[in-house]
Structures are given as structure tokens and as C-alpha cells.
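These notes are about the structure you will find just below.
In this text the structure is predicted, and so the values were computed from the model without any measurement. The basis for the numbers below is simple: all heavy atoms, side chains too, and nothing from hydrogens, waters or symmetry mates. The chains referred to below are lettered A, B, ... by the order of the sequence lines, with proteins before strands, and numbering in each begins at 1.
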Protein chains: 2
Amino acid sequence: MRSNQFVDRLRDIVGAEYVRVDEESRTTYGTDALKRGHPADAVVLPADTAEISRIAALCNETRTPLVPRGGGTGYTGGAVPVRGGVVLSLERLNRILEIDELNLLAVVEPNVITGDIQDAVEKVGLFYPPDPASLRQSVIGGNVAECAGGPRAFKYGVTKAYVLGLEAVLPSGEIIRTGGKVVKNVVGYDLTQLLVGSEGTLAIITKIILRLVPKPPVQVTMRASFPSVRHAVNAVTNLIRARVVPAALELIDGDCLEAVAQALNVRSLAPAGTAALLLLEVDGIAEQVAAEAVRVEKACADAGATEFLRAKDDAERQELWRVRRELSPSLRMITPLKFNHDVVVPKGRVPELFELVDRIKTQFKLRIPCFGHVGDGNIHVNIMVTPGDEDEIRRAHEAEGVLFRGTIALEGSISGEHGIGFAKAPYLAMELTGPTIETMRRVKQAFDPNGILNPGKIFQ
Amino acid sequence: MRSNQFVDRLRDIVGAEYVRVDEESRTTYGTDALKRGHPADAVVLPADTAEISRIAALCNETRTPLVPRGGGTGYTGGAVPVRGGVVLSLERLNRILEIDELNLLAVVEPNVITGDIQDAVEKVGLFYPPDPASLRQSVIGGNVAECAGGPRAFKYGVTKAYVLGLEAVLPSGEIIRTGGKVVKNVVGYDLTQLLVGSEGTLAIITKIILRLVPKPPVQVTMRASFPSVRHAVNAVTNLIRARVVPAALELIDGDCLEAVAQALNVRSLAPAGTAALLLLEVDGIAEQVAAEAVRVEKACADAGATEFLRAKDDAERQELWRVRRELSPSLRMITPLKFNHDVVVPKGRVPELFELVDRIKTQFKLRIPCFGHVGDGNIHVNIMVTPGDEDEIRRAHEAEGVLFRGTIALEGSISGEHGIGFAKAPYLAMELTGPTIETMRRVKQAFDPNGILNPGKIFQ
């Protein structure tokens with residue numbers, strides 16, 4: 001616990017009601033979706049950039065760890081104050097400041113729920129494409145800090161492609177402004193893109209200028225069943241050759257389908273014997289979507305699809321997506337604990353990734369359902385463990401190392417969406433060379449010479 | 001001139017034939033498209049990354065300025081050794097190493113001409129969209145170092161959207177590898193995007209992994225004439241409302257049309273009385289392109305186009321583009337000296353930018369034809385000057401300051417494509433705040449503590 005004097009200074013900055021030192025707050029704000037928390041010493045809820053600047057300067061002066069927090073939905077512990085200190089929740093910075101229909105941009109504060117931004121811009125015919133699974137809980141500041149992805153990334157790109165500019169508070173308390181309202185800007189270094197994905201270790205993001213695109217007026221959802229993952233990947237290859245870029249391209253493996261069937265006690269979500277299900281969505285203007293849907297069906301048929309469905313209306317569309325939506329809740333029903341990894345390989349090597357997972361299943365006697373964004377080669381590998389089964393947990397951790405090494409051998413990366421946080425920090429040197437990590441450390445020092453901002457993340 | 005001993009050490013690294021200290025080489029390699037050069041002390045032509053590493057280490061040890069050079073086509077003096085030292089030409093690193101059709105990527109060395117990459121990937125049905133005007137002269141390493149744009153950026157984005165990973169040599173001689181062959185990667189800081197647009201001041205790029213997309217099979221080119229810039233911008237707004245994202249959206253003003261007419265002595269390139277010409281191109285699959293072309297015509301007609309042409313075949317397409325291709329040569333024929341600025345504003349403010357230019361023309365008695373990528377709000381403002389006319393050159397420089405301040409007041413940026421180099425370095429603080437510039441300086445120090453790499457660029 002920090003001294004009373006320190007807490008008093010926090011109260012001076014934000015007002016007493018916005019500083020929390022009770023045990024429940026310290027624990028709640030010390031935990032995120034990784035479920036391996038550490039209590040904060042104090043939680044502070046500033047009202048604006050000016051207060052955040054003063055909090056940063058205070059923490060910098062007193063060498064107190066300062067951990068920015070958005071929705072707390074991260075899977076690698078990015079918002080966990082692993083070394084104690086102050087958790088700075090951005091929850092009061094939650095306004096959409098501007099939606100500029102003509103210039104296709106929005107200016108938002110960091111704690112707006114991402115799905116709310118999507119709803120607001122869609123009302124005026126615009127579209128913010130990134131769609132992490134957490135979009136109804138996670139906030140845009142966290143999405144930017146982690147560079148969130150989602151199913152639509154194959155066609156539309158990840159969060160970084162939509163961030164034009166930022167306001168951010170440095171650990172010193174100084175305020176920087178990067179980028180701006182223009183889509184092209186080559187004035188100095190691209191600090192905007194450096195901050196995207198920096199996991200709250202370089203600066204506290206206080207304002208975001210987002211690029212928007214026109215909302216595609218028509219969407220068509222399709223589902224194809226395959227006898228193996230390789231068949232499904234062949235369909236993806238056929239699609240690329242046919243010049244079709246679907247808005248979503250989700251792969252769900254047989255173990256996942258089994259998990260959903262078991263959890264819901266229904267067998268109708270996919271045909272019997274399906275080892276890989278593809279959910280595909282094309283979007284755009286009507287003429288294009290109609291033409292692309294035909295090509296999608298052909299690409300799947302040529303790859304040996306055993307069944308192909310096309311949603312005729314929104315009800316059918318929701319039904320096709322149901323298996324995907326039920327996936328995470330179903331996996332949680334089977335076991336409350338899973339190690340959820342977001343490895344990514346060049347898309348052509350997805351079959352080899354699944355072969356690697358099959359070997360791991362056998363070697364370590366683990367249940368590992370997989371699903372993901374196959375167009376990006378980004379597969380969520382869910383190692384299921386029974387809480388309290390120490391031997392299984394040990395095997396799962398060993399399996400992680402094999403998974404990560406194997407992914408890198410396939411020219412892949414250990415994280416496509418979730419970031420490093422502290423959960424994956426031990427594996428950083430597996431993927432990056434010494435000089436590359438040292439360069440990153442020097443960049444960290446350039447922003448945060450005293451190392452107060454989100455310490456223990458990315459680097460161990 | 002550096003000491004003989006230093007030059008001997010360079011010869012030891014690359015072989016005597018690849019070190020040049022004759023006056024012609026020192027001058028030629030000391031000049032780029034800005035035409036304000038400074039002679040190098042020595043020019044070195046390494047064969048590979050290992051030699052570059054040793055050259056960097058030597059320059060770092062001896063505190064010798066080291067300036068990487070690609071095609072030398074930059075407009076802000078990025079490749080000019082303003083403080084002397086060694087120019088490191090990457091011309092021998094000119095191979096396409098890999099085109100991976102399945103994974104939609106290419107691995108290239110930095111000195112491949114960008115247009116050659118496009119040709120090579122198009123042969124296998126793929127597409128590298130960025131198309132700076134210099135694409136038949138400039139090289140991909142320079143495009144990456146400057147984050148080049150071009151007409152297709154409105155639909156496809158600028159160079160940064162296509163760089164997945166880099167190999168680069170630090171000033172210390174250490175080699176870093178950033179990103180990789182996957183389209184999603186959130187492992188540590190995004191050094192890839194930090195190096196893109198860093199103008200050779202942080203590291204020497206030695207290998208580039210490029211993201212490709214499927215080549216759009218069909219393209220349709222259209223031309224619309226308008227009685228004013230505001231009418232043309234209204235057409236662009238209509239297009240955005242109609243959900244059409246053209247692959248190219250080029251605006252050419254009346255002064256440019258006059259310059260081309262005068263240079264070629266033809267009047268047929270645009271109808272008489274045209275104050276703004278739009279060149280529009282839509283691409284994609286046939287059904288989509290056909291539907292989009294109809295919407296483009298309607299958007300232009302609704303905005304008051306006085307003429308609308310649609311190319312029926314490739315010959316007609318080339319004819320429509322002719323005025324755009326002839327633009328730069330025509331401007332050069334009128335005067336060999338122009339100050340070519342690539343300012344950018346939110347696209348809805350383009351009419352205000354043209355009003356600003358009109359005021360500047362009157363106030364400073366200057367001829368200033370403008371053209372550019374109107375979908376991005378990125379306008380090339382060409383201040384024409386007569387070499388030797390000191391008074392006109394002084395007025396032109398004063399006009400630059402007014403242009404830049406006015407652009408920033410319109411929420412714009414002083415450079416959308418060309419970068420800062422040394423030509424725009426005096427204006428950096430006009431756009432960026434003190435803490436933002438100081439942060440960039442600390443990033444520079446993190447990479448280059450001795451300040452040997454391309455000194456005098458970006459920062460004064």
C-alpha cells in the first residue's frame with residue numbers, strides 16, 4: 001500500500017470520490033480476462049487529459065508504477081498491476097467527440113465501447129471494421145493499445161489500419177499529439193503506429209482519431225463443411241485465386257464443433273463428420289456481392305465441401321453464425337480454465353499448424369479445440385485444463401512452449417491479436433533476436449526513462 | 001574529404017572497385033530530385049547486409065555521417081549528405097528474392113525499382129498497389145523510407161499498409177528483424193511501422209517483406225470536367241455517399257491544364273473553360289466495376305460536370321491519363337524550377353485549400369498550378385519560379401510559409417508524401433508540438449546515439 005500522503009495527492013488531483021483504496025476495488029481493478037491478477041495499491045479515475053497528466057507526473061516523481069486500464073478484457077494480463085502501484089482507469093473518458101461523415105473519421109475518447117462506436121457510425125452510413133470478439137465489452141483505447149484484430153481483418157485490416165492520430169500522455173506528464181485528421185502524413189516519425197500495440201507501456205492514450213469507411217450495403221453469409229482442415233484451407237486458396245476477398249473467413253475445427261454440440265446438447269449446428277467448418281461472409285454493393293457469392297460456392301465445391309449453405313435472410317444469417325458465437329461460452333462450460341493462444345502463421349501453412357497441434361494433443365494428452373481467422377493464418381489454440389489438476393496444468397505449460405517454437409518454425413508469430421502482456425513475456429526472445437529486443441527496450445526508455453508505465457509487460 | 005586511412009578501411013570492406021572518391025561520383029551521389037545537393041566525401045556500394053553492417057560500425061566508431069541512398073528521386077533532399085560523410089548506395093541490393101503467390105507476399109531487396117516489383121507480381125496475378133509518380137525510377141527501399149503514396153492510396157492505402165517486415169542495420173552495425181511473413185503480429189513494438197517513413201535516420205533497410213493483394217481483373221477509367229474545384233470536390237463527396245471507393249481519384253486544376261496545353265500546343269486534352277478535371281478509375285471484378293462506373297457518372301453529373309467520358313478500351317484509357325502523365329514534364333518545360341509541395345488536408349477542406357492558394361497567387365504574384373490525390377485531400381502545390389529571379393524566389397519562399405501555416409489551420413499536414421528531409425525541416429515545429437518533437441528526438445537517439453545516420457534530416 002502506498003503512503004497516505006501519496007493517496008492524498010491523488011485525491012487533490014481527481015477529487016476524493018475518484019480515488020479507491022478499498023480492498024474490493026484494488027482486487028477488481030487488478031484483474032483482467034487472463035484471470036491472473038495482482039492487487040493495485042490504489043485505483044484512480046481521472047476526468048480528463050489534464051488530470052491524467054498530473055497523475056503521470058506524480059507517479060513519475062515518486063517512481064510509482066502506473067497501469068492504464070480500459071475494459072479489462074485482455075488475455076495476456078496487459079491491465080494487471082503486476083508490481084502494484086496505481087491503476088488508472090479511463091472509464092470516465094467515454095465520449096464520442098465527433099463523427100465526421102464527409103471526411104470519414106471519428107474522434108473518440110479511449111473508454112468508448114468499440115461496439116458502440118460501430119453502432120454510432122453505422123447510423124450515418126459509415127463503418128468501423130475491426131471486430132474483436134470482445135467488441136461489446138472492450139473499449140477502443142484497449143483495442144488501440146493491443147492492436148485488436150477480429151474476423152474482418154482479412155479484408156479490412158486490424159486496428160492499426162484505422163488509427164489516424166492520437167493524443168497521449170507521457171510518463172513525464174507531457175502531452176503529445178501524433179498524426180491527425182489526414183489519411184496521409186509523413187511529418188516526422190510515425191509515433192501513432194508505434195503507440196498502437198504498445199500495450200500501455202509508452203504513453204497513456206487519451207484521444208483517438210479513427211479512420212472510417214463507407215458501410216458496405218449488402219452482406220451475404222455462407223457456411224461450408226469439409227472433411228479435414230486441409231480441405232478447408234484449399235478452399236481459402238481457391239478463393240484467393242478467384243480474386244475474392246471475403247469480409248470474414250472463419251475456420252472452426254471438429255473439436256470445437258464437438259464442444260458446442262456437447263455444451264448445447266444439439267447436433268444440428270454442423271453436419272456429422274465435419275472436421276472443419278468455414279464461415280464466410282462477403283460484403284459490398286449488391287452486384288459485387290452476388291458475383292462473389294457464386295465464386296465462394298465454387299471455390300468451396302472445388303475443394304471438396306460436403307455441404308454448402310447460403311443464408312437467405314438475416315434470421316438464417318444469425319443461425320449460421322450461431323456456432324461461432326456459442327464457441328467461447330461452450331468451451332467455458334466444458335472447463336472454466338483454458339490457455340487461449342492466438343498464434344499466427346502464413347496462411348498457406350495453416351495445415352502444418354494443425355498437424356503441430358495434433359502432435360501436441362497426443363504427446364501431452366490434452367484437449368485442444370482450435371478456431372480462428374484462417375484468411376490471416378491466425379488460429380486460436382485453446383488448451384483446455386481442469387482447474388486443480390496440477391499434472392495437466394504442467395503438461396499444458398510444456399505444450400505452450402512446443403506450440404510457440406513450432407509456430408515460429410513455420411515462419412509465424414506467437415501473438416497475432418492478444419499481445420504479450422506479462423503472460424507471454426517469457427517467450428519474447430523465442431521470436432525476436434537480441435538486437436531487436438534491445439532496440440525495443442531503448443524505445444521504451446525514450447518514452448519512459450524511469451520505467452513507471454505498465455512495468456513487467458512485454459519485457460520481463 | 002575523409003582520411004586515406006578511412007577510405008582504405010571502406011575498401012577493405014567492399015573491395016576497391018566499390019568505393020568512389022572521384023569528384024563526379026561525390027557530386028552525383030550527393031544530389032537528388034530536390035536539386036539542392038552537397039558532395040559526399042566518399043560513395044560506397046556494398047554487396048550485402050554483412051558489408052553494410054561493417055560500414056555502419058566503421059562510421060559509428062569514427063563518427064562519420066552515413067547517408068543511405070536508393071533511387072535518388074526524393075523531393076525533400078532525403079538522400080543528400082548535407083554534412084558530408086559517406087553515401088551508401090544500395091544499388092547492388094536489387095533482387096526480388098521471393099514472390100509467394102499462396103501467402104500473398106514478396107520478399108525484396110531495397111533497390112528494386114518499384115515498377116519492376118509491380119510487373120513481376122502482376123505476372124502471377126498479384127498486385128502491389130502503391131504507385132508514386134516516380135515508380136519507374138524510384139526503388140522500394142526509398143518508397144519505404146519515405147512512405148510513398150500515389151493515386152491509388154485512396155482505395156488501397158500508402159506504402160506502410162504493404163510492409164509486413166524488415167531487415168535493417170542499426171548505426172551500431174547490429175542487424176534487426178521486425179515483423180515477418182504474417183499479416184497480424186503484435187509481438188513487441190511495431191518497429192516495422194516506425195521505420196517506414198523514418199527517412200533513413202534510424203536504420204538502413206536491407207530487406208523488405210511486402211504484402212500483396214489479388215490483382216483486380218477489370219479497370220475502368222473515366223474523366224469528368226467541372227467549372228470549379230468546389231464542383232469537383234462535390235462530386236467526390238457524392239461518390240463517398242454513394243459508397244464508391246475509386247482506385248484513383250485525381251484532380252487537375254485549370255492552371256495545370258493551361259500549362260499542359262501551352263507545353264504541348266494542343267487544346268484537346270480538356271474542354272474549354274474547365275477549372276477542374278477529375279480522373280477516376282474503378283477496379284475489381286467485372287460486375288462490381290460496371291455497377292460502380294454507373295454510380296461514378298451519376299455522382300459527377302449530380303455535381304454539375306460539364307463533360308463526362310468513359311474509356312471503352314485501353315487506348316482510350318491511355319488517352320484519358322495522358323494529361324496527367326504530361327503534367328510534370330509540361331510544368332518543367334514552362335520553368336525548370338518549381339517548389340513542389342505535397343500538402344494534405346481533410347478531403348472536405350480541399351476547396352478551402354484552393355481558396356488559400358488563390359490568395360497566395362494574388363498576394364505574392366506567383367503562378368501556382370495544383371493537382372493531386374483529391375480523395376486523400378493530398379494536393380501537389382507547384383510554386384513556379386524563374387531561376388535567377390531573386391525577387392520571385394524570395395516571394396516563393398514567403399509563400400511557402402503562408403501555405404504551410406494555412407494548411408495546418410485547415411487541420412492538415414505539410415507533407416503527405418515527400419517527407420521532411422532537410423528542405424522542410426525548418427517547418428517541423430509549425431506542425432508538431434514541442435513535446436512531440438522531443439519524443440521523436442529521443443526515439444532517434446534510441447536508434448542512433450551518436451547521430452551518424454543521415455544527420456540534418458527531419459530535425460534541423
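Interface remark: of the candidates A/T433, A/L191, A/D100, A/L432, A/L191 forms the most heavy-atom pairs closer than 4.5 Å to chain B. Ranking B/V187, B/V344, B/I458 against chain A, the residue ahead of the rest is B/V187, based on heavy-atom pairs under 4.5 Å. Ranked by non-hydrogen atom pairs under 4.5 Å with chain A, the options B/L194, B/V183, B/D376, B/V289 are led by B/D376. The choice from B/L126, B/L428, B/V186 that makes the most heavy-atom pairs within less than 4.5 Å of chain A is B/V186. Of all the listed residues (A/E101, A/E146, A/R295, A/K457), the one sharing the greatest number of non-hydrogen pairs under 4.5 Å with chain B is A/R295. By number of non-hydrogen pairs under 4.5 angstrom with chain B, the leading residue of A/P346, A/A291, A/G348, A/G375 is A/P346. Chosen from A/M440, A/E292, A/H373, A/R442, the residue pairing most often with chain B at heavy-atom distances under 4.5 Å is A/M440. Interface check for chain A: of the options B/L195, B/V443, B/V158, the most heavy-atom pairs under 4.5 Å are formed by B/V443. Options B/G377, B/G197, B/G188 differ in how many heavy-atom pairs under 4.5 Å they form with chain A, and the most are formed by B/G188. Of the listed residues (B/Q445, B/K424, B/K160, B/E438), the one with the most heavy-atom contacts under 4.5 Å to chain A is B/K160.
The distance from atom CD1 of A/I285 to atom CD of B/E287, rounded to the nearest 0.5 Å, is 10.5 Å. The OG1 atom of B/T439 lies 10.0 Å from the CG atom of A/L202; values are rounded to the nearest 0.5 Å. Taken from CG in A/D190 to OG1 in B/T192, the straight-line distance is 11.5 Å, to the nearest 0.5 Å. Taking CD of B/Q288 as the reference point, atom CD of A/Q288 lies at 4.0 Å (rounded to 0.5 Å). In this structure, the separation between NZ on A/K184 and NE2 on B/H418 is 9.0 Å, given to the nearest 0.5 Å. If you take NZ on A/K181 and CG on B/L410, they are separated by 11.5 Å, rounding to the nearest 0.5 Å.
Residues A/Y189 and B/F459 place their aromatic rings such that the two centres sit under 6.0 Å apart.
The side-chain heavy atoms of A/P435 and B/I175, taken from C-beta on, include no pair separated by under 4.5 Å.
In this structure, the side chain of A/N185 does not engage the main chain of B/S413 through any donor-acceptor pair within 3.5 Å. A/T436 places no side-chain N or O within donor-acceptor distance of the main-chain N or O of B/I176, the cut-off being under 3.5 Å.
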Practice problem: Quick one: do A/T237 and B/L102 satisfy side chain to side chain contact (heavy atoms under 4.5 Å, CB included)? Show the steps, please. | Solution: CA-CA 7 Å; A/T237 305; B/L102 180 56; 3.2 Å; yes
Exercise. Show the numbers, then the answer: is there a side chain to side chain contact (heavy atoms under 4.5 Å, CB included) between A/V213 and B/V245?
Key: CA-CA 9 Å; A/V213 295; B/V245 181; over 6 Å; no
Quiz item: Checking side-chain hydrogen bond (donor to acceptor under 3.5 Å, both in side chains) for the pair B/K347/A/N103: CA distance, chi angles, key distance, verdict?
Solution: CA-CA 6 Å; B/K347 71 178 80 49; A/N103 291 307; 4.9 Å; no
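With respect to B/R177 and A/E431, no salt bridge is recorded, no charged nitrogen being found less than 4.0 Å from a carboxylate O.
B/E411 touches chain A through backbone and side chain together, each having a heavy atom under 4.5 Å away. Neither the backbone nor the side chain of A/R441 comes within contact range of chain B; no heavy atoms are under 4.5 Å apart.
Taking a 6.0 Å sphere around NZ of A/K298, one finds it holds 12 or fewer heavy atoms contributed by other residues, nucleotides or ligands.
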